[in-house]
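So that the names make sense, note that chain A is the first sequence line, chain B the second, and so on, each numbered from 1. We use all heavy atoms of the structure for the numbers below, so side chains are in, but hydrogens, waters and symmetry mates are not.
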Number of protein chains: 2
Amino acid sequence: MTERLIQSVERAADILELFVATYPELSIKEISDHLGLSKSTVHGIIKTLEHRGYLQQNSDNQKYRLGVKLFELGNFVGKHLDIGNIARPIIRKLVEELNETVHLTVFERDEVIYIEKLEGSRALTIYSHIGKRAPIYCTGVGKAILAHQSEAEVDRLLLKSDLKPFTDFTLTNIEDIKNHLATVRGQGYAVDDEEIELGLKCIAAPIFNHQGKVVSSISCAAPKMRLDEEKLPKVITGIKAAAAEISRQLGYKDTH
Amino acid sequence: MTERLIQSVERAADILELFVATYPELSIKEISDHLGLSKSTVHGIIKTLEHRGYLQQNSDNQKYRLGVKLFELGNFVGKHLDIGNIARPIIRKLVEELNETVHLTVFERDEVIYIEKLEGSRALTIYSHIGKRAPIYCTGVGKAILAHQSEAEVDRLLLKSDLKPFTDFTLTNIEDIKNHLATVRGQGYAVDDEEIELGLKCIAAPIFNHQGKVVSSISCAAPKMRLDEEKLPKVITGIKAAAAEISRQLGYKDTH
DNA sequence: TCCAATCGTTCGACATTATCGAATGCCGTT
DNA sequence: AACGGCATTCGATAATGTCGAACGATTGGA
């Protein structure tokens, strides 16, 4: 790992981030003191950043603040770096690998919603479609998300749900579900074994965003008979790896 | 103007902006071709930017895209660089200079809304308050904004208004108003001469954002008698200069 | 009104550091 | 297996960023 980083670019980044870390308005002196650089060094970088719109100088006090160019770039990122675009190629690869249907969901306004579905080339496929809601307590994608919420949040969400039994295997007791979530959290993936539909089995993993919050999940859904002793470990490994990669690209820093 | 800009910082900016200008996903080769730099130079800068989260590398094709750090910074800018914060110190200075009330408005959802009011130390002050709506066709702040909308937009807005006469001086005929707006546009400021309230006179100027659109305006409002031959030019100059400075800080590039 | 202090800005000299081109290594394709 | 394309690494060079000092502008206090 003999990375050769560009000093002045790093310093420019240091300066930009200093505004977020300390105060939205800083003078050259303050910056050079914070970073331990000479005033003239800071001045050169600052003037370059100002010239490009990354900083702007206040006219009365001569201090600097972050410029609208960053706002522009940030918006661009927001549009093009959304989870769907990040996840799609990763999911596509996973589908090729497993040749099974893979779903992507997001958790928004207390609901788990399918936002992407990619199918393998099997005859027997899973019924589901983009935009549909998934129950949170008895699906892989729902449980993967639920397992990483605070206990208060879990209680709130479960109390809000009707906990209707879809099959004989559906867990409908809050304590049972909460115990099960601990297992999910521990192993890093969730299993739905015919809990919502007989014959259907899902393996799902949570996706973490740059704040470390779980905001979405992916799952592989297949007829239970196809997920045999040989295939199941592959699915688990694949789903977990894909979820981790999406998380990473979303800016999640895994700190274990 | 012997500015001494830092080359590698400029090149880093070039790279970031290239993603917006061309395509949200670029390879090192594509970047070096576009910018006429060697691959290794680009590689060094890219790795630095990636290291800091300003870029991230896609795992399957090895291309790069803008990173979430920019999203973060952009959001921060959005919060702290909003028009109110930019305008406040500039308005404050103007109030000291003129010792008259100055308003700041934004144009949103077809309405002109006061979002800031700073008063001079006079006994006779103007009634108005933050959050209040201003009619668009017969106030300085409204006309300053209206004068810089497209003709279709002006028609739409005026047809939507009831064009109620507040005083004998209120213009209520669409053609009259549109002719008047041409004057406003030409002189760079709008006058409201007792059009909404007898005895009240306002001088207002438009504020341009970084896209060159007029999204807000400021005005100086005072009893008509106080804006005499001596003071009026000062007010006009002051309001125009303040509006120009706010526009500049919002990222507006005046290209005349 | 003047002086002192503070900070932004400019300047010049130095060596650190970024740069380039060439070499290497890693896929994917034929 | 060999080729092509690309990312990556390496090493030598001088261009470039860095620092300290000097300058200038502004502010506050005596």
Take atom [atom1] of [X] and atom [atom2] of [N], then tell me their distance rounded to the nearest Å.
X	N	atom1	atom2	value
B:H43	C:dG21	NE2	P	17 Å
B:K63	C:dG28	NZ	C1'	15 Å
B:D33	D:dA7	CG	C1'	14 Å
A:I45	C:dT17	CD1	P	12 Å
A:I46	D:dG17	CD1	P	16 Å
A:K47	C:dT10	NZ	P	8 Å
B:I28	C:dC27	CD1	C1'	15 Å
B:L37	D:dT16	CG	P	12 Å

Q.
With rounding to the closest Å, how many angstrom separate the P atoms on D:dG11 and D:dA15?
A. 22 Å
**Q.** Along DNA chain C (nearest heavy atom to each residue), the more 5'-positioned of A:V9 and A:Y64
**A.**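 Its nearest nucleotide being more 5', the pick is A:Y64.
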(Q) For A:I6 and A:L26, find the nucleotide of DNA chain C closest to each by heavy atoms; which residue's nucleotide sits nearer the 5' end? (A)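 Mapping each residue to its closest nucleotide by heavy atoms, the 5'-most match is A:L26.
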Q: From the options A:K201, A:K234, A:K231, select the one residue that forms a salt bridge (charged side-chain N to carboxylate O under 4.0 Å, His left out) with A:E100.
A: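 By the salt bridge (charged side-chain N to carboxylate O under 4.0 Å, His left out) criterion, A:E100 pairs with just one of A:K201, A:K234, A:K231: A:K231.
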Can you identify which nucleotide, out of [options], has its nearest atom closest to the [X] side chain?
X	options	value
A:Q7	C:dT17, C:dG8, D:dA7	C:dT17
B:S40	C:dT9, D:dT9, D:dT8	D:dT9
A:S38	C:dA18, D:dA7, D:dG20	D:dG20

Q: Take A:K39 and A:R11, find for each the nucleotide of DNA chain D with the closest heavy atom, and name the residue whose nucleotide sits nearer the 5' end.
A: A:R11
Q) So what does B:S8 touch, heavy atoms closer than 4.0 Å: a base, only the sugar-phosphate, or nothing? A) sugar-phosphate
(Q) Closer than 4.0 angstrom, basic N to acidic O: yes or no for B:E25 and B:R65? (A)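 Yes.
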**Q.** Check: A:Y64/A:K47 side-chain N/O donor and acceptor closer than 3.5 Å
**A.**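 A:Y64 vs A:K47: donor-acceptor pair found between side chains.
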Q.
When you compare the side chains of B:T105 and B:S216, does any donor N or O come within less than 3.5 Å of an acceptor on the partner?
A.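 Distance-only check fails for B:T105 and B:S216.
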Q.
Using 0.5 Å steps for rounding, measure from the CD1 atom of B:I45 to the CD atom of B:Q7.
A. 8.0 Å
Q. For C:dT9, does OP1 or OP2 lie under 4.0 Å from any side-chain N or O of A:Q57?
A. yes
